[in-house]
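Written out below as structure tokens is the structure these notes cover.
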Amino acid sequence: MKNHIEINSAFKNDSPFFNQIILNYDVEGTPFGNQDRNSLKLFQFKDMTVNVKSFRIPNIINQIAYRFFRKSKAQRSFEYANKLTQLQIGTPQPIAYFEYGTPFLFKKSYYISEHLPYDLTYRELTTDLNYPNHEAILRAFTRFTYNLHENHILFLDHSPGNTLIQLNNGDYKFYLVDLNRMNFEPIDFKTKIKNFSRLTIHKSMVEVMSDEYAKCSGYNYETVFNLMWQSTQDFQEKFHRKKRLKKKMKFWK
């Protein structure tokens with residue numbers, strides 16, 4: 001059996017507690033958020049709430065890939081969170097990851113992090129355009145994304161639910177979650193702007209983000225906006241095309 005556990009040094013003395021959480025995961029803990037693809041549960045640890053993400057068993061090809069050739073989603077989440085923390089980029093404190101498998105196949109994995117209190121996610125900005133201080137929050141978020149890019153961080157799952165926002169009386173703080181898909185390398189201009197494509201369908205929001213990114217980066221506003229809006233439209237077309245295809249496939253089953 002191939003089992004692997006990695007725990008941050010600050011929590012080494014508490015490893016029996018985290019081992020117990022994983023052993024009892026199916027029958028203990030408080031479910032949190034969307035449980036469709038992977039499972040999330042909250043547990044109380046001393047004066048901290050911890051968030052445990054259980055990744056579902058991958059398909060047979062990925063069971064082989066994760067066993068021999070690729071890092072698991074749990075391992076990547078843990079390592080990327082540590083990298084972000086070192087770069088002073090907001091993300092919940094990483095605590096540990098667990099992996100279970102057989103000599104030839106990868107099976108279950110878990111990622112444990114601190115559960116942060118937050119006021120909203122980026123998603124609320126897309127569903128309520130009259131949210132208090134909407135534009136100020138959106139501009140601060142754009143500066144946060146610009147800072148990611150300046151630190152050579154490309155968050156591939158930069159989508160509405162994956163940024164937690166704390167308001168702090170106007171001192172907005174942003175925290176990335178769902179971290180298993182990231183690149184850490186210099187980013188070209190086109191890729192930077194395309195990184196906004198999954199965030200909103202609203203042209204008014206794209207206009208604000210384009211304006212703020214242009215101010216931060218020194219790029220021409222029209223250039224930034226045209227690429228960001230085109231990328232947004234392209235993503236939406238691809239998304240809905242995929243949705244229609246799935247619907248057709250379901251109909252013919």
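Predicted model, so just to flag it, every value in this text is computed and none were measured.
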(request) Report yes if the side chains of M182 and L156 come closer than 4.5 Å at any heavy-atom pair, otherwise no. (result)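 When only atoms from C-beta onward are counted, L156 and M182 do not touch, as no gap falls below 4.5 Å.
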Distance alone, cut at 3.5 Å: any donor-acceptor contact between the side chains of [X] and [Y]?
X: K41; Y: S54; answer: no
X: Q230; Y: D234; answer: yes
X: N162; Y: S159; answer: yes
X: Q75; Y: E79; answer: yes

(message) Can you tell whether the side chains of D211 and K215 come within less than 4.0 Å, N to carboxylate O?
(response)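 Judged by the 4.0 Å cut-off on N to carboxylate O distance, D211 and K215 do form a salt bridge.
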(message) Do the side chains of D178 and K53 get close enough for a salt bridge, i.e. N-O under 4.0 angstrom?
(response)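 K53 and D178: salt-bridged.
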(message) Is the distance from the ring center of Y80 to that of F184 below 6.0 Å?
(response)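 Under 6.0 Å, so yes.
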(message) With clusters defined by side-chain heavy atoms of hydrophobic residues (ILVMFWY) lying less than 4.5 Å apart, directly or transitively, does I5 cluster with F45?
(response)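 Same cluster.
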(request) Decide yes or no on side chain to side chain donor-acceptor pair (under 3.5 Å) for Y66 and E99, but give the supporting numbers first. (result) CA-CA 10 Å; Y66 289 149; E99 296 177 336; over 6 Å; no
(request) Report the relative orientation of the aromatic rings in F144 and F141; use parallel for angles under 30°, tilted for 30 to 60°, perpendicular for over 60°. (result)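 F144 and F141: tilted rings.
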(request) For a side chain to side chain donor-acceptor pair (under 3.5 Å) with N195, tell me which candidate from K190, H149, H158 qualifies. (result)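 So, applying the side chain to side chain donor-acceptor pair (under 3.5 Å) to N195 and each of K190, H149, H158, only H149 qualifies.
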(message) My understanding is that only one of F98, Y110, Y97 makes a ring pair (Phe, Tyr, Trp, His ring centres under 6.0 Å) with H4; could you say which?
(response)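 Only one option passes, and that is Y97.
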(request) Locate the shortest heavy-atom distance separating P92 from Y175; write the atom from each residue and the value. (result)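 Looking at all heavy atoms of both residues, the closest pair is CD-CB, 4.4 Å.
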